[in-house]
Amino acid sequence: MPELPEVEYAAAVARRVAVGRTITSAKVLHRSLRRALPARNARSLVGDRVDGIERRGKTQFFRLMSGRALAVHFRMTGDWHVSADGEPLPRHARAYLGFEGGLRLVLDDPRALSVLSLCAPGQGAADHLGPDADDPAFEPVSLAAALRTRRAPIKIALLDQRVVAGLGNIYTVEALWQARLNPRTPAHQLAVARLRQLVRAIRRVLAKAARNAERYYGAGASSPSRFAVYDREGKPCRRCGASIARMVQGGRSTYFCPRCQR
DNA sequence: CGTATCCTGACC
DNA sequence: GGTCAGGATACG
């Protein structure tokens with residue numbers, strides 16, 4: 001799943017193709033994406049120019065010359081595919097932007113859950129997001145303040161983008177293992193000292209993911225897991241050897257070591 | 001707080 | 001042919 005490091009990588013790809021270039025074509029190919037970006041809105045992108053692409057949490061913002069911004073969220077399975085005009089589109093092409101010079105940025109998304117939307121000039125679309133998980137502003141003391149009233153399990157709280165932006169299921173689970181924290185611990189019970197370990201673990205997990213050159217689709221299903229706990233139910237904990245357990249929290253799988261995460 | 005919804009490929 | 005996966009959002 002694209003989380004902060006993968007979205008940052010995708011944004012870098014998009015920057016190379018789009019920044020400084022005028023949009024020559026824009027089309028939404030799937031009904032589900034037209035809910036947020038109707039055909040007329042897509043058409044209005046033609047003639048505008050991409051001045052820059054920023055990432056906040058898991059959202060990419062294409063800053064346009066007109067003052068508007070195109071927000072792109074990959075959700076589960078979205079990714080950019082780069083091709084030249086006239087080349088066949090990938091099987092799960094859901095939308096594309098064509099640019100001056102002949103390159104095309106194609107949104108490739110099997111499940112078609114990605115969201116494209118236009119933000120009017122001055123419309124702050126990232127206001128509801130907490131600090132980015134890889135930003136220095138994400139630190140233990142302010143995290144403690146954000147969690148003070150939260151009785152939900154820490155796993156659930158970390159997935160709330162208002163608390164911290166950019167974490168998804170996989171790296172949240174990995175960071176909790178790294179920090180030896182029980183995912184069920186009520187968030188407000190964690191002292192700053194424990195949160196310091198957690199923040200450090202999150203930074204470490206994200207930095208490792210960012211260094212990883214392979215894309216998230218790249219690893220074959222049979223290759224050894226690059227995760228310490230995610231999707232390793234019943235396999236030995238890489239720290240203590242106990243059997244990795246799985247539970248469901250908020251409808252999503254949490255993997256953890258029942259022995260060394262307390 | 002929990003649960004349904006979107007969407008489709010993968011898997012039994 | 002039924003179930004599962006899950007980010008964000010909407011709702012009870």
Side-chain angles (χ1 to χ4, degrees), chain A residues 1-11 28-38 55-61 71-81 89-95 106-119 124-130 132-133 146-176 183-189 202 206 209 215-223 225 227 229-234 244 246-256:
Chain A
M1 316 301 132
E3 302 185 28
L4 190 153
E6 293 83 12
V7 175
E8 184 58 46
Y9 183 96
V28 181
L29 306 167
H30 193 285
R31 186 170 51 90
S32 145
L33 282 88
R34 273 195 285 267
R35 278 200 288 271
L37 190 72
R55 178 199 55 73
R56 268 290 278 134
K58 303 175 209 169
T59 306
Q60 298 166 73
F61 292 99
V72 180
H73 196 300
F74 286 158
R75 298 282 192 99
M76 307 289 304
T77 50
D79 197 10
W80 292 126
H81 179 269
L89 294 169
R91 181 145 76 106
H92 301 296
R94 304 308 187 195
V106 183
L107 175 62
D108 192 18
D109 181 1
R111 291 188 190 169
L113 289 172
S114 288
V115 177
L116 303 182
S117 57
L118 258 181
C119 311
D127 294 349
H128 63 292
L129 294 177
D132 268 30
L147 297 179
R148 207 177 50 224
T149 63
R150 300 210 161 231
R151 313 175 79 86
I154 184 63
K155 158 82 185 309
I156 302 284
L158 290 175
L159 285 174
D160 187 333
Q161 304 295 302
R162 293 169 298 187
V163 172
V164 53
L167 292 180
N169 201 42
I170 294 176
Y171 297 138
T172 297
V173 158
E174 292 291 298
L176 287 169
R184 278 185 282 231
T185 311
H188 71 279
Q189 282 182 13
I202 289 169
L206 293 181
R215 303 306 316 278
Y216 44 97
Y217 296 124
S222 59
S223 65
S225 174
F227 304 124
V229 279
Y230 183 80
D231 205 21
R232 295 194 65 241
E233 183 180 15
I244 297 299
R246 186 185 88 98
M247 63 179 166
V248 175
Q249 292 181 291
R252 269 161 278 174
S253 291
T254 300
Y255 300 86
F256 67 109

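The chains referred to below are lettered A, B, ... by the order of the sequence lines, with proteins before strands, and numbering in each begins at 1.
- Arg246(A) and Ser253(A) share a side-chain donor-acceptor pair at under 3.5 Å.
- Considering only side-chain N and O atoms, Ser253(A) lies under 4.0 angstrom from the phosphate OP1 or OP2 of dG6(C).
- As judged by a 4.0 angstrom heavy-atom cut-off over every strand, Arg246(A) is placed among residues touching the sugar-phosphate backbone only.
- Put simply, the side chain of His73(A) never gets that close to the backbone of Thr59(A): no donor and acceptor are under 3.5 Å apart.
- Look at Ser32(A) and you'll find a side-chain N or O under 4.0 angstrom from OP1 or OP2 of dC7(B).
- Within 4.0 Å of Arg150(A), counting heavy atoms only, lies no atom of the nucleic acid at all.
- Applying the 3.5 Å distance criterion, the base of dA5(C) shares a donor-acceptor pair with the side chain of Arg111(A).
- When rounded to the nearest whole Å, the span between CG of Leu113(A) and P of dG9(B) equals 12 Å.
- In this structure, His30(A) reaches the dT8(B) phosphate: one of its side-chain N or O atoms is under 4.0 Å from OP1 or OP2.
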Would you please test Arg184(A) and Met247(A) for side-chain contact (heavy atoms from CB on, under 4.5 Å) and show each step? CA-CA 10 Å; Arg184(A) 278 185 282 231; Met247(A) 63 179 166; 3.4 Å; yes
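- Under the 4.0 Å criterion applied to side-chain N and carboxylate O atoms, Arg55(A) and Asp132(A) are assigned as salt-bridge partners.
- No donor-acceptor pair under 3.5 Å is formed between the side chain of Gln249(A) and the backbone N or O of Pro153(A).
- Residue Glu3(A) contributes atom CD, which lies 10 Å from atom C1' of dG7(C) at whole-angstrom precision.
- A close approach under 4.0 Å does not occur between any side-chain nitrogen or oxygen of Arg35(A) and OP1 or OP2 of dT5(B).
- Per the geometry, CD belonging to Gln249(A) stands 13 Å off P belonging to dT3(B), to the nearest Å.
- At least one side-chain nitrogen or oxygen of Tyr230(A) sits closer than 4.0 Å to the OP1 or OP2 atom of dG6(C).
- Taken residue by residue, residues 151-170 of chain A places heavy atoms nearer than 4.0 Å to DNA chain C at Gln161(A), Asn169(A).
- Proximity of a side-chain donor or acceptor of Gln161(A) to a complementary backbone N or O of Leu167(A) within less than 3.5 Å is detected.
- Here dG7(C) presents its P atom at 15 Å from CZ of Phe74(A), a figure rounded to the nearest Å.
- As rounded to whole Å, 15 Å separates atom C1' of dG7(C) from atom CG of Leu116(A).
- When the P atom of dC7(B) is taken as reference, atom NE2 of His73(A) falls 17 Å away, rounded to whole Å.
- For the pair Met247(A) CE and dG6(C) P, the computed distance is 13 Å after rounding to whole Å.
- Here His92(A) does not reach the OP1 or OP2 of dT8(B): none of its side-chain N or O atoms lies under 4.0 Å away.
- Distance alone, capped at 3.5 Å, is enough to place a donor-acceptor pair between the Asp109(A) side chain and the Ser114(A) backbone.
- The distance from atom CZ of Arg75(A) to atom C1' of dT8(B) is 15 Å, rounded to the nearest whole Å.
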